[in-house]
Amino acid sequence: MLDRSLKHLCTTIIYTLISFLSVNVASAAMAASAPARAQWLSSQKMLVKLPQGLRVADNMMFQLANSEVNFKDVPRTYPLPVIQRQDNYAVVSTASLNRQIIEELIHRPLKVFVTNDQNQLLDSTPIQYAGLLDELYAYRGNDLGLTNLGSQFQLKLWAPTALSVRVALFASPTAMQSDVVLIPTYQNGVWTTLVPRQYQNYYYLYEVTVYQPLTDRMETSLVTDPYSISLAMNGAKSQLVDLDSGESKPYGWDNLTKPYLNSFKDITIYELHVRDFSANDESIPFVYRGTYDAFAQFGGQGAQYLRSLAEAGLTHVHLLPFNDFGSVNEDRSSWESINSSSSNLQDAQGALSQIRARDAFNWGYDPVHFFVPDGSYAMDPQGLSRVRETRTMVQALNSLGLRVVQDVVFNHTYENGLSAFSVFDKIVPLYYYRLTDDGYTYNSSCCADTASENFMMEKLIVDSVVHWAKNYKIDGFRFDLMSFHSRSTLMKVKEALRSLTVQNDGVDGSRIYIYGEAWPFGSFYSKNPQESMSQLNAYGSGIGFFNDRLRDAVRGGTTSSSEKSDQGFATGLYFDFNHEPANQNTPTNINDQMDKIRHLGDVIKVGLAGNLRDFSFREHYGSVITGGQLNYRNSPVATSAEPIETINYVSAHDGYTLWDAVQAKAPFYAPNRIPTTATASERQRMHQLAMAIPLLSQGVPFMEAGVELLRSKNGDQDSYDSGDYFNRINWTGADNYWGQGLPPAWKNYNDWSFWQPRLQSADLKVTPQLIAQTANYYKALLRVRKSSSLFKMNSLEEIMKGLVFIDNENAIEPGLISMVLHDEHEALLVIFNSSRLPRVFSHKVLGYKWGFHPQFTPSVDPVLAQVVHTRAQNQIQIPGMTTVVLKMIGSPNMGVK
């Protein structure tokens, strides 16, 4: 219906307060002391929390009533018998309220009133509705948002507590006045609007009138569709579009062929930010830099480089969030940038601090709309262009031989409440967010934590992921802070994706991989540690989890800046002590260091075996234990049931780049060392050793983009808002940008005294030759992995049979890990030596005939020329800070024990 139906809207807004209860009310007492201390748990009961200082008493009466703000009379009330009480909590019965009464009540400013037997008002509070709404109003259809019905469009909005909803249509994205207003029909929580096809590509907003506990009054908001599939610039309006129209797709989209993927065990991942890929690439026209379309500039250095990685064996590019986010203005004309060439290391970050709120850069972990590509990466952020350009990016990456992973952030939103970029709270207040008993929103993520335990938030997550898989042909999803959701939620996501078929949906859901962060913290984990999708609860899920145990054992310390200089297996612990005063957890005693590196070696062995909980091996004390029995930082090391549940890595976008970590940990003016500062070449060898471990492990190896180019962010521990300057990648390898500025003060000021002398030191600068060698080393590791199924075993049984750690003549040496991988067709010997000096390794397996792996010879790492295999003595000499990969010549049936 059109505007002539506004009469209906006015009728629904007017209502009468009837049959009031006589109470003595002071105006000050009428305001709720918290947003919503009552929780309507189900149609049968409600939990009411009294304010501090008030306890539940026998003479208290609990009543439910609609009320206006600043009302003088309480309208008709419904008594709520108390069925359980404890301190300042009461569970009251709502069983006497039938469905019709509930329907009438929830569209009004509903509160719980608490009085005593003298009819004096003691308290009033609004209500959290999640339990009730999930029971009575959960919508299970697959057509929320915009649906193309052919001759018309259908809009569906879930808003069960709204008093009224209207739909305003706009002919242009910038129009201030609507051209048409439509009145939806309402049924069981859902407002449905049919829009004639003539309005295709128009923009729209919902006008929602709903009681808002945050302000304790009825609020009318103009708000976008939470299921928007296209937007105006900066998410100002939703758009009515046909995602099957020619204008929404690049040429050839419907016939897109995916790069071959046999199994998840073949996956190797490269994490990349959309803007980082091309913002610094002068080989493509300026207008494309930082955009989706940059990936389709096949003559550019970036695209050519990615193609070379795909040819070497890389399978997936993981792109940081590119759904609509709020932290970058999509209006390109408003952007400012810096170009600092000052010799003063403070100048670049100082200039950036002045414009960082107005530049083009942010990691994008600030979601607003979950179904739409962000406009800041688009050539044109208005409407369908961003849809077409995003598809062009996916198509381009696929043509380069790479599948695409989308980083998704469902644990929080950029804003909530009635803020400008808030959507959910303007439609169904307080429902989509995780709340305290007082009705305040948890912010343990960074911002307002979403509540995926509520049916419709969980549904939105599933619907969104399926939308990206079907309409953008995304090949994998990396979940941010997955432990903020339940295992059940993630398994529903997995099930929904697996159900997609080429015949019905245009994609093969069985080849869509899911992984994410499972750190055990946050508002959901704190309340539901056994249900949270955390590392300890991940076993058997078939979903991948980042292995921070291997990361920290290889690098040393953690991702915390307070442990930046603490050394690990690959960064000099025990063999090349840095004597750094900043160390937090590196022992100064040499014997304690030896004990620690032995322990870290055990952790790494478990990671090399896929971090399988039930993998058994001999740890450094000589006992045979399982990965789940080995502890690290007071937690079990291994939590996986199969290798694809483990993401092995040594750096990611957050925390220091691997090169910056090496710069912090390698000796710098260390006493009694010659030279006192580790050279750039020595640091590069530490870096190569660290890279090799995840790439030669079971599980899924993951690498931060540019790590193989010795990428530096100048010691920036958290570059989410550090602009293009500190996040640059040079695909030519001419420079890694080390020493070009102190890291931004807003995250790193307390570490300036640590970084400044290092950034100024000529000894820490690398040459293009070192960068090129490291990049070739990484590609060689990819080729080694690609060439052999021994790095891609499927199960615990296969790994127990085909992976054996061997020790130097039955003595477990610190800083030396050796493993044999074998099946009936092939045998490989992999040795990691973290000592600064060469070592001799002895074992009967060396009595067999071995040669360099054809993909990993001295042409890849010249130091390998120093490897000496003395078969008669069952010995091999391994250079310092080196990884050796040997292949057996002849039969692999050697019976290694």
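For the single chain, residues carry numbers from 1 onward in sequence order. Because the structure is a prediction, the values reported are computed rather than measured.
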Practice item. Describe, in one word, how the ring planes of F264 and Y513 are oriented to each other, choosing from parallel (under 30°), tilted (30 to 60°) and perpendicular (over 60°). Key: tilted
Point to revise | Parallel, tilted or perpendicular, as decided by the 30° and 60° cut-offs, for the rings of Y365 and W363 | key: perpendicular
Check your understanding: Between the side chain of T268 and the main-chain N/O of G313, is any donor-acceptor distance below 3.5 Å?
Key -> yes
Review point. Do R783 side-chain atoms and Q855 backbone N/O form a donor-acceptor pair below 3.5 Å?
Key: no
Kindly give the heavy-atom pair with the smallest separation between [X] and [Y], and that separation in Å.
X	Y	result
D735	Q740	OD2-NE2, 3.1 Å
F702	A652	CE2-CB, 3.9 Å
D225	S238	N-OG, 2.9 Å
L231	Q239	N-CB, 4.4 Å
F410	V465	CE1-CG2, 3.8 Å

Run the salt-bridge test on [X] and [Y] with the 4.0 Å N-O cut-off and return the result as yes or no.
X	Y	answer
R478	D480	yes
D660	K713	no
K249	D254	yes
R711	D276	yes

A cation-pi test, strictly: NZ or CZ of [X] under 6.0 Å from the centre of the six-membered ring of [Y] and no more than 45 degrees from its axis. Yes or no?
X	Y	result
R388	W253	no
K237	F170	yes
R391	Y472	yes
R289	W335	no
R728	Y737	yes

**Study point:** Sole candidate of L695, L689, I693 that passes side-chain contact (heavy atoms from CB on, under 4.5 Å) when paired with T883
**Key:** L689
Exercise for review: May I have the step-by-step check of side-chain hydrogen bond (donor to acceptor under 3.5 Å, both in side chains) for D281 and Y288, ending in yes or no?
Suggested key: CA-CA 10 Å; D281 190 350; Y288 292 120; over 6 Å; no
Heavy atoms from other residues, nucleotides or ligands near [atom1] of [X] exceed 12 (cutoff 6.0 Å):
X	atom1	value
N339	CG	no
E336	CD	yes
F298	CZ	yes

Hey, do the aromatic rings of [X] and [Y] have their centres closer than 6.0 Å?
X	Y	result
F545	Y515	no
F325	Y414	no
Y777	F856	yes

Review point. Looking at Y270, F322, F295, Y305, which hits ring pair (Phe, Tyr, Trp, His ring centres under 6.0 Å) with F277?
Key: F295
Review point. Are D347 and S342 close enough, and set up right, to give a side-chain hydrogen bond (donor to acceptor under 3.5 Å, both in side chains), and what steps lead you there?
Key: CA-CA 6 Å; D347 285 353; S342 171; 2.4 Å; yes
Check your understanding: Rounded to the nearest 0.5 Å, how far does CG of N362 lie from OG of S376?
Key -> 9.0 Å
Exercise for review: Take H316 and D475, measure what side-chain hydrogen bond (donor to acceptor under 3.5 Å, both in side chains) needs, and give me the verdict at the end.
Suggested key: CA-CA 8 Å; H316 286 63; D475 305 292; 5.9 Å; no
Review point. Checking side-chain hydrogen bond (donor to acceptor under 3.5 Å, both in side chains) for the pair N736/N730: CA distance, chi angles, key distance, verdict?
Key: CA-CA 7 Å; N736 73 342; N730 189 326; over 6 Å; no
